[in-house]
A.B. asks: 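Provided herewith is a single structure, encoded as structure tokens, for subsequent inquiry.
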Amino acid sequence: MIGDWLDIGWVNEIPVRGSRTVTVDGAGEIAVFRTGDDNVFALRNRCPHKGGPLSQGIVHGHSVACPLHNWNIALATGEAQGEDKGCTPTIPVKVDGGRVLICRTGTLQAAA
Amino acid sequence: MDFQDYRAGEHAADGPDTGPASPREHLVVIGNGMAGCRAVEELLARDAGRYRVTIFGAEPHVNYNRIMLSPVLAGEKSFDEIVINTADWYRENGIDLIVSDPVIAIDRAARTVTSRSGRVVAYDRLLIATGSDPFIIPVPGYDLPGVISFRDMKDVDTMVAAADAKNNGGGGEAIVIGGGLLGLEAAHGLSLRGMKVTVLHLPGTLMERQLDEAAGWLLKTALEARGQTILTGADTAEIFGQGKVEGVRLKDGREIPASLVVMAVGIRPSVALAREAGLEVGRGIKVDDHMVTSDPAILAVGECVEHDGQVYGLVAPLWDMCRSLADGLTGKVNPYRGSVTSTKLKVSGIDVFSAGDFSGAGAGCEDIVLRDASRGVYKRLVLQDDRIVGAVLYGDTGDGSWYFDLLRKGESVADLRDLLIFGQAFASGGGQADPKAAVAALSDDAEICGCNGVSKGQVVSCIAKGAHSLDAVRATCKASASCGSCTGLVETLLAITLGDDVQSGPKTMCKCTSFTHDDVRREIIAQGMKSIPEVMQKLHWGTPDGCASCRPALNYYLLCALPGDYVDDQQSRFVNERLHANIQKDGTYSVVPRMWGGLTNPRELRAIADVVEKYEAPMVKVTGGQRLDIFGIKKEDLPAVWADLNAAGMVSGHAYGKALRTVKTCVGSEWCRFGTQDSTGLGVRLEKMSWGSWMPHKFKIAVSGCPRNCAEATIKDFGVVCVDSGYELHVAGNGGIHVRATDLLCRVSTEQQVLDYCAAYIQLYREEARYLERTAPWVERVGIDYVKQRIVEDEVGREALCARFLYSQSFSQDDPWAARAEGGEREQHAHMAQFKPVKAEEMA
């Protein structure tokens, strides 16, 4: 742990255009995404629509298509795209020396 | 000056009667933007050989669509997609384009211009199209690094870089000063790129020049719901920061931190060059009805001009001006009489329309207002003497063109008044909502495409001249080719103009490409493409890595074209195929082991029962395809479940895949009084042949032992009905939303023939159907006669199809569960990290 940042592992452990999950006991799951252009984003692993696990969706550009009903969620903002309305909490995330760090307080808030 | 004087001027000798031998007049254009280039386009359309043209541009680019900078900022389009005229266009039309070298002086006496690099070019006619400059409020700190405007590609690049820095852990929030159209588009783009955005707007209402308070409030609420902070009545006192922007201080003392400040408070005509040259300048460069300035050899067009006391900051008036200008330059009188403008907000998902004067200050003005809070709809029409003078629509802007048309015509709406606010369909059709009638009723000069200034008449004539599809219309007259908000109108015009003959044309694969599924498949084979990135590169995909629609399709097409060679792309597969199980509504999975032909035995039943107990599966169900489905398995437990089922000799049932699902059977001759053949045994053989194959969509087979058809073979993708003389083969049935009974393909006499015909049929489907097209719509599309011709009549072709299927199967028939159960791709199932919340004191 580095200050308010939680070290969750190597960025290479996340498949490109894919995602991995992080669990927080007693709360929920965080989905950590890695995009085609190698940006990393973290969202609560629940679609604002019907709670679908976003980590299992198809990542395209900076969006993910929810596996349940194909809502497209912007990875940067957590907002549903197009005609759909809703927002998934985002968690500040950064990559430092190849390690992925997510914000501790953000994680607890988002997962709660 | 008047138009006749201009034509009779000293250059009259170079008029239309000039023979080809005499030197052409040289038209020099200052400004490579939307107005300058459009004027040249209009000129070329009238008389391509009339002038020699040189264009000076300050930016290092070819002509691009400035109003589409917002989608570029939002990451929805690339720069290439907003280019209006490519380098080829300049070349093909003999235009000299000089970029990155703005004109800095005009010598009217010598008739030359001088550029920053010192280039001196002589002109016969000069066209000034310098557009406008962003207005910068001169508050302290306005010149700090990190304070930018939103005007050109360079600004977009700066904003994208700032947003990227933020995502990598540096940087901070963004502030947009100005809550007009431009500012809100900038805020939207930055917000989509992940920045925390605050909009500072001095007036109390967003877009106060276009919207009234009620609509402005709805807009503010909608933007706030998207996570932006909107501060109205916010008066900027200072932009502060050490060496670069750190934030903005308001006059009321509030401080807002930011690493980027975008000033989008307005634009003003760029007139410095004209003023120094001694041209008459008011708010803009003064022009007459033919866009001629106070110097008869110099014309001006676009946002830099003042016509009849008006300056314009929207794109539609440019088109009117350019038409008058080009007519004038080619000897036709077509005076410009000013423009009435309307505005559509292009921030995606928020529909706002405004036109005319809605301030209601004029004497004798009346308002008609419709407010439907629960639908988020607000409409206000301002009437004067029974004529519409202003309109504001929020939430439902479908009637915008109609109101705008009535407004521009100044027609009396006395007869419609009672129903006016409910829209055109209601007001003119007695409540019959027919969108076609509404569009049909529009006059020929009604504007369809605001981005490109295309009227209904132009669209209709372009359709009449042969543009019979949306793409053709876009290519020909550019309607709907920019922001796309008028696509529905253009499609309706196609339908009206072409009547029932309208060919909607094959749909493109998805919004990432202009190619259809069939085009893409053909090109993959023709060009020997081997990977998804290669397809996207060679076929000019419009998105960096496709979308959730095209990626699974491309993955399938490549897999089908290159069995054994193509490396499957896991990230282009829907979760069910990636995790080899069916995702359910609660995020758990269900698992269906293969039970060949629907048969099972004690060992398999025991293994399934054990799995259900061990992993506490809440439900087991017999599926419609005669298999057992185990529900409620957690993603983490899947590999262990598969290991247990594998241990009992069971493999994946592919119940999750676009693949062969099940072969349903009845008991047939072995037990049934009526059975004519061994339907169960044949079902097992069919399943053993075809399992594991990826297909365009799910595929179901059934074998019935007699025409009583207990296995329901006549609603399956491939159905066999056993009869005394052999086997009836049925295809293209479907028990889904649209129930469809099969077509009879043919009758055969041996089991081996059933297998061969089935393999050939599956392969034809695999090779020719579009992704996500089941066999029923596919056969309806190509016709059962075509399928018969390929499978029944063409024996050599059938054998080749069958051989290709079996070759492909030599790679496909491995159990995906086994590899995962042994630990392959473990990361698909394991969490990357697990945390327990820590108490505050432990943190310290």
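The sequence lines fix the lettering, A, B, ..., with proteins before strands; numbering per chain opens at 1. No hydrogens, no waters, no symmetry mates; every other heavy atom, side chains included, goes into these values.
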A.B. asks: For B:Gln584, is it the side chain, the backbone, both, or neither that has a heavy atom closer than 4.5 Å to a heavy atom of chain A?
C.D. replies: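 The answer is the backbone of B:Gln584.
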A.B. asks: Identify the two heavy atoms, one from B:Gly227 and one from A:Glu79, that lie closest to each other, and give their separation to 0.1 Å.
C.D. replies: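 So the two residues come closest at N-OE2, 4.3 Å.
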A.B. asks: Does any backbone or side-chain atom of A:Val16 lie under 4.5 Å from a heavy atom of chain B? Answer side chain, backbone, both or neither.
C.D. replies: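 Contact with chain B involves the backbone of A:Val16 alone.
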A.B. asks: Go through the atoms of A:Asn70 and report whether side chain, backbone, both or neither lie under 4.5 Å from a heavy atom of chain B.
C.D. replies: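 Looking at A:Asn70, just its side chain touches chain B.
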A.B. asks: Which atoms form the tightest heavy-atom contact between A:Thr21 and B:Ala830, and what is the distance?
C.D. replies: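 Smallest heavy-atom distance, with atoms named: OG1-O, 4.4 Å.
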A.B. asks: Between CE of B:Met832 and OG of A:Ser55, what distance do you get to the nearest 0.5 Å?
C.D. replies: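 Result: 12.5 Å between the selected atoms.
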A.B. asks: Answer with side chain, backbone, both or neither: which region of A:Gln56 has an atom nearer than 4.5 Å to a non-hydrogen atom of chain B?
C.D. replies: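 Answer is both: backbone and side chain atoms of A:Gln56 are under 4.5 Å from chain B.
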A.B. asks: Considering only heavy atoms and a distance below 4.5 Å, find which of B:Gly587, B:Cys512, B:Cys547 pairs most often with chain A.
C.D. replies: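 Heavy-atom pair counts peak at B:Cys547.
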A.B. asks: For residues 540-553 of chain B, which residue pairs pass the salt bridge (Lys or Arg N to Asp or Glu O under 4.0 Å) check, not counting sequence neighbours?
C.D. replies: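 Every pair satisfying salt bridge (Lys or Arg N to Asp or Glu O under 4.0 Å) with a residue in residues 540-553 of chain B: A:Arg17-B:Asp545.
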A.B. asks: Consider side-chain contact (heavy atoms from CB on, under 4.5 Å). Of B:Arg578, B:Gln571, B:Arg573, which one does A:Ile58 pass it with?
C.D. replies: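 When B:Arg578, B:Gln571, B:Arg573 are each tested with A:Ile58, the side-chain contact (heavy atoms from CB on, under 4.5 Å) holds only for B:Arg578.
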A.B. asks: Report which part of B:Ser549 has an atom under 4.5 Å of a heavy atom belonging to chain A: side chain, backbone, both, or neither.
C.D. replies: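 For B:Ser549, there is no contact with chain A at all, as no heavy atom is under 4.5 Å.
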A.B. asks: When you compare the side chain of A:Gln81 with that of B:Leu192, does any pair of heavy atoms fall below 4.5 Å?
C.D. replies: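 Side chain of B:Leu192 against side chain of A:Gln81, heavy atoms only: contact under 4.5 Å found.
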A.B. asks: Under 4.5 Å from any heavy atom of chain B, what part of A:Ile8 do you find: side chain, backbone, both or neither?
C.D. replies: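 Interface part for A:Ile8: both.
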A.B. asks: Give the minimum heavy-atom separation between A:Ala65 and B:Ala548, together with the two atoms involved.
C.D. replies: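 Smallest interatomic distance, heavy atoms only, reads CB-CB, 3.5 Å.
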A.B. asks: Taking side chain as everything from C-beta outward and backbone as N, CA, C, O, which of these in A:Pro53 sits under 4.5 Å from a heavy atom of chain B? Side chain, backbone, both or neither.
C.D. replies: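 Only the side chain of A:Pro53 comes within 4.5 Å of chain B.
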